[in-house]
A.B. asks: 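Structure provided below as structure tokens; questions to follow.
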2 protein chains.
Amino acid sequence: MSKVRKQTWRFDQPIYLGATGTVVGPLEARGPLSASFDKCYEHLHCGQKSWTEAERALLRRSISFCLAKAGKAEGDIDLFLAGDLMDQTVTSNFIARENRIPFLGMFGACSSSMETLATGAMLVDSGFADNVLCAVSSHNATAERQFRYPTEYGGPTKLTQTFTVTGAGAALLTKEPGKVKVKEATIGRVIDWGINDAANLGTAMAPAAADTIWTHFQDTGRTPDDYDLVVTGDLSGVGSPILDEILLEKGLDISSIHQDCGTMIYTSDQPVSAGGSGCACSAVVTYGYLFNRLAEGSLKRVLVVATGALLNSSTPKEKDTIPCIAHAVLLESAKEG
Amino acid sequence: MSKVRKQTWRFDQPIYLGATGTVVGPLEARGPLSASFDKCYEHLHCGQKSWTEAERALLRRSISFCLAKAGKAEGDIDLFLAGDLMDQTVTSNFIARENRIPFLGMFGACSSSMETLATGAMLVDSGFADNVLCAVSSHNATAERQFRYPTEYGGPTKLTQTFTVTGAGAALLTKEPGKVKVKEATIGRVIDWGINDAANLGTAMAPAAADTIWTHFQDTGRTPDDYDLVVTGDLSGVGSPILDEILLEKGLDISSIHQDCGTMIYTSDQPVSAGGSGCACSAVVTYGYLFNRLAEGSLKRVLVVATGALLNSSTPKEKDTIPCIAHAVLLESAKEG
């Protein structure tokens, strides 16, 4: 089989998630996955004076954990791939300024987690890099004030709305044997079914997730039985059933193995409306909880489908609908048996 | 020689710029390179009702020219790599929504032109894609109102300030033999020497350009005599001599072969202060003028060093200095003799 089949890249070499780092804020710390994160900040300010600096602290710290666990220094890393939700991805840019690693900035909104991981794995597989660091961040207060209103206003939220996860996730890609393999990636197309409500991104993104998942199964010839989990990024409680239904109409039933990071990261009684979102949502669930499960072998094969809504704060006011994308990465446990 | 030497990727396969498309606005149309562009709009609105739509029209049109000249349809393209200056790179996202090509959004500010081209060439070289479309855009009115003030205010400009080029450039990367080869790429690091004046980005970016150019010569072992031109993206009349001086202090004299797209695209009597800037500045000069010169063989080897200032409209107000980056791509004429 060739290493490309339509939209799906197949990595011929064994590429490993050598190590990961995950850092979250106080609400995520009280969620069901808190034990899988390296660090939970007790306050949204993360010890900083501003929200901007708080988000940078999250990204910086997630990378520190990742590199420390991998036994690597910044100088050992060939490339840094990062993205975030801030205008001009400034959180990533400012951390790249500190670590001085050759840098490719990427933007796929909340899909940036798997966009960077897919691109990084391709770089390692093709021999253009030995060690690639991928990282993303989001912060509830920086995202809310940029895309909606400052959280200090205490504005009401719609039930369809998601809650931006405060956190950051980093992963090191390498050929050095590790516990979790990166096997394939399916690069998404931009899909827009005409949703124009920026407070209902789960619905807007569900068709993009469906397109990428459908393509992944077509490209690989597998069936949902071949997977332990198909995990979407941040469709939330609203978008997840829509995804399942779109795929069911096309004859693909993933409902028994589909979970969503946005609903996994919080308990149903936490004040997050439809669930979590943000670049960090899929990143911390994947690099924390799923990484651990794959490393120990209790999950064997997981498709992580990070979803992204590619709007900005102006496009809804200009009456544009919301273009969305989803990028999928196939992770496998390296543990035998 | 291995295909990676520190920060420089060497493409083992012959990778070609199969075709390019360039579209510009009225001021660029009156500049010295106008004959090299596929289309010059007579009005900044580019036939659209808003600046936002005008920028999208530029990007859309540059891609149409590129694909038409290459004899390709959108369905022939494996990947679309694009970026722009708008918050959340929405110009690129909305064009990706139309063309439905699997999409990787990238952000390197004005360095996005060579960031996408370098990444695209790597994808073709490694066999993960056969045909990659790379494109970037910028529009004077969308950029000015986002980063500074709406142009309608008619505010004064500083002499160190650059003028965002209205335009878009697209390039098709392929292994099918063409007239211009993409040979190498040097991926930059984020450099910040402490400049905090957003109206003096040429000065802020010069050290990043110097870092990438110095690294390129170190990695390849070549000297400036081996190049016909080293072309920077948008250092302008202010940043260009600073770059030459930084490199001269390190013992590398590029002054006789160094030109800057920001000064090439306008005549000295056009009202653009220090020169042109924006993603489109390096893109239209490279994919228009330089592509033609390389194709006809009157230039043999050109290093294009696209520079980017990785700030947003908030970071200067938060008293942050300006992180900058530069990515370089080595283009060679495929013409013998």
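Keep in mind that the numbers below use all heavy atoms, side chains included, and drop hydrogens, waters and symmetry copies. Every chain is numbered from 1 and lettered A, B, ... according to where its sequence line falls, protein lines coming before strand lines.
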A.B. asks: Run the salt-bridge test on B:Glu74 and B:Arg100 with the 4.0 Å N-O cut-off and return the result as yes or no.
C.D. replies: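 Looking at B:Glu74 and B:Arg100, the cut-off is not met.
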A.B. asks: Would you call B:Asp130 and B:Lys175 a salt bridge, using N to O less than 4.0 angstrom?
C.D. replies: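 B:Lys175 and B:Asp130: not salt-bridged.
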A.B. asks: May I ask you to decide whether B:Arg148 forms a salt bridge with B:Glu144, counting only side-chain N to carboxylate O separations under 4.0 Å?
C.D. replies: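 Salt bridge present between B:Arg148 and B:Glu144.
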A.B. asks: Relative to chain A, which segment of B:Ile101 carries a heavy atom at a distance below 4.5 Å: side chain, backbone, both, or neither?
C.D. replies: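 For B:Ile101, backbone heavy atoms alone lie under 4.5 Å from chain A.
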A.B. asks: Any side-chain donor-acceptor pair under 3.5 Å between B:Asp87 and A:Gln88?
C.D. replies: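 There is such a pair (donor and acceptor under 3.5 Å, judged by atom type) between the side chains of B:Asp87 and A:Gln88.
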A.B. asks: Can you tell me which of A:Val90, A:Thr212, A:Thr89 forms the most heavy-atom pairs within a distance under 4.5 Å of chain B?
C.D. replies: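 Of A:Val90, A:Thr212, A:Thr89, A:Val90 has the most heavy-atom pairs under 4.5 Å with chain B.
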A.B. asks: Using a distance-only test with no angle check, is there a side-chain donor-acceptor pair under 3.5 angstrom linking A:Thr164 and A:Asn140?
C.D. replies: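 No, no side-chain donor-acceptor pair sits under 3.5 Å.
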A.B. asks: Highest number of heavy-atom pairs under 4.5 Å with chain B: which of A:Gly105, A:Ser92, A:Ser313?
C.D. replies: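 Answer, by heavy-atom pair count under 4.5 Å with chain B: A:Gly105.
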A.B. asks: Do you know which of A:Met106, A:Arg97, A:Lys6, A:Gln7 has the most heavy-atom pairs under 4.5 Å to chain B?
C.D. replies: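 Going by pairs under 4.5 Å, I would pick A:Arg97.
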A.B. asks: Considering heavy atoms only, which positions within residues 109-119 of chain B lie below 4.5 Å of chain A?
C.D. replies: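 Counting heavy atoms that sit under 4.5 Å from chain A, the residues of residues 109-119 of chain B involved are B:Glu115, B:Thr119.
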A.B. asks: Taking B:Arg56, B:Met86, B:Glu98, B:Glu53 one by one, which has the highest count of heavy-atom pairs under 4.5 Å against chain A?
C.D. replies: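 Option with the top pair count is B:Arg56.
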A.B. asks: Between B:His139 and B:Leu58, does a side chain to side chain contact (heavy atoms under 4.5 Å, CB included) hold up when you go through it step by step?
C.D. replies: CA-CA 9 Å; B:His139 189 293; B:Leu58 292 164; 3.8 Å; yes
A.B. asks: Name the option with the most non-hydrogen atom pairs under 4.5 Å to chain B; the candidates are A:Asn93, A:Leu311, A:Asp192, A:Asn99.
C.D. replies: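 Top count of heavy-atom pairs under 4.5 Å with chain B: A:Asn93.
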A.B. asks: Is there a donor-acceptor contact under 3.5 Å from the side chain of A:Asp78 to the main chain of A:Val132?
C.D. replies: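 No, A:Asp78 side chain to A:Val132 backbone: no donor-acceptor pair under 3.5 Å.
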A.B. asks: Is any side-chain heavy atom of B:Val190 closer than 4.5 Å to a side-chain heavy atom of A:Ile95?
C.D. replies: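 They are not in side-chain contact.
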A.B. asks: According to side-chain hydrogen bond (donor to acceptor under 3.5 Å, both in side chains), who are the partners of B:Thr142, at least two apart in sequence or on a separate chain?
C.D. replies: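 With neighbours one apart ignored, the set is B:Glu55.
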A.B. asks: Anything under 30° is parallel, anything over 60° is perpendicular, the rest tilted; go ahead and classify A:His45 against A:Trp51.
C.D. replies: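 The arrangement is parallel - the two ring planes meet at less than 30°.
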A.B. asks: Between B:Thr52 and chain A, which part of the residue has a heavy atom less than 4.5 Å away: side chain, backbone, both or neither?
C.D. replies: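 Only the side chain of B:Thr52 comes within 4.5 Å of chain A.
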A.B. asks: Listing request: all ring pair (Phe, Tyr, Trp, His ring centres under 6.0 Å) pairs with a residue in residues 98-137 of chain A, at least two apart in sequence or in separate chains.
C.D. replies: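 Residue pairs passing ring pair (Phe, Tyr, Trp, His ring centres under 6.0 Å), neighbours aside: A:Phe80-A:Phe103, A:Phe128-B:Trp9, A:Phe128-B:Phe11.
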A.B. asks: What part of B:Leu81 is in contact with chain A, defined as an atom under 4.5 angstrom from a non-hydrogen atom: side chain, backbone, both or neither?
C.D. replies: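 Answer is neither: B:Leu81 stays 4.5 Å or more from chain A.
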A.B. asks: Would the distance check show the side chain of B:Asp76 and the main-chain N or O of B:Ala73 forming a donor-acceptor pair, the cut-off being under 3.5 Å?
C.D. replies: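 Indeed, once roles are kept as given, a pair shorter than 3.5 Å links the two residues.
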A.B. asks: Counting only heavy atoms closer than 4.5 Å, note whether A:Ile191 contacts chain B via side chain, backbone, both or neither.
C.D. replies: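 For A:Ile191, side-chain heavy atoms alone lie under 4.5 Å from chain B.
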A.B. asks: Quick check: does any side chain N or O of B:Asn131 sit under 3.5 Å from a backbone N or O of B:Thr174, one acting as donor and the other as acceptor?
C.D. replies: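 Such a contact is absent between B:Asn131 side chain and B:Thr174 backbone.
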A.B. asks: Mark yes or no for whether A:Thr186, through its side chain, and A:His216, through its backbone, hold a donor-acceptor pair below 3.5 Å.
C.D. replies: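 Checking the backbone N and O of A:His216 against the side chain of A:Thr186, no donor-acceptor pair under 3.5 Å is found.
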A.B. asks: Do any of residues 314-327 of chain B have a heavy atom less than 4.5 Å from a heavy atom of chain A, and if so, which, in residue order?
C.D. replies: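 Residues B:Thr315, B:Glu318, B:Asp320, B:Thr321, B:Pro323, B:Ile325, B:His327 are the ones that qualify, each having a heavy atom under 4.5 Å from chain A.
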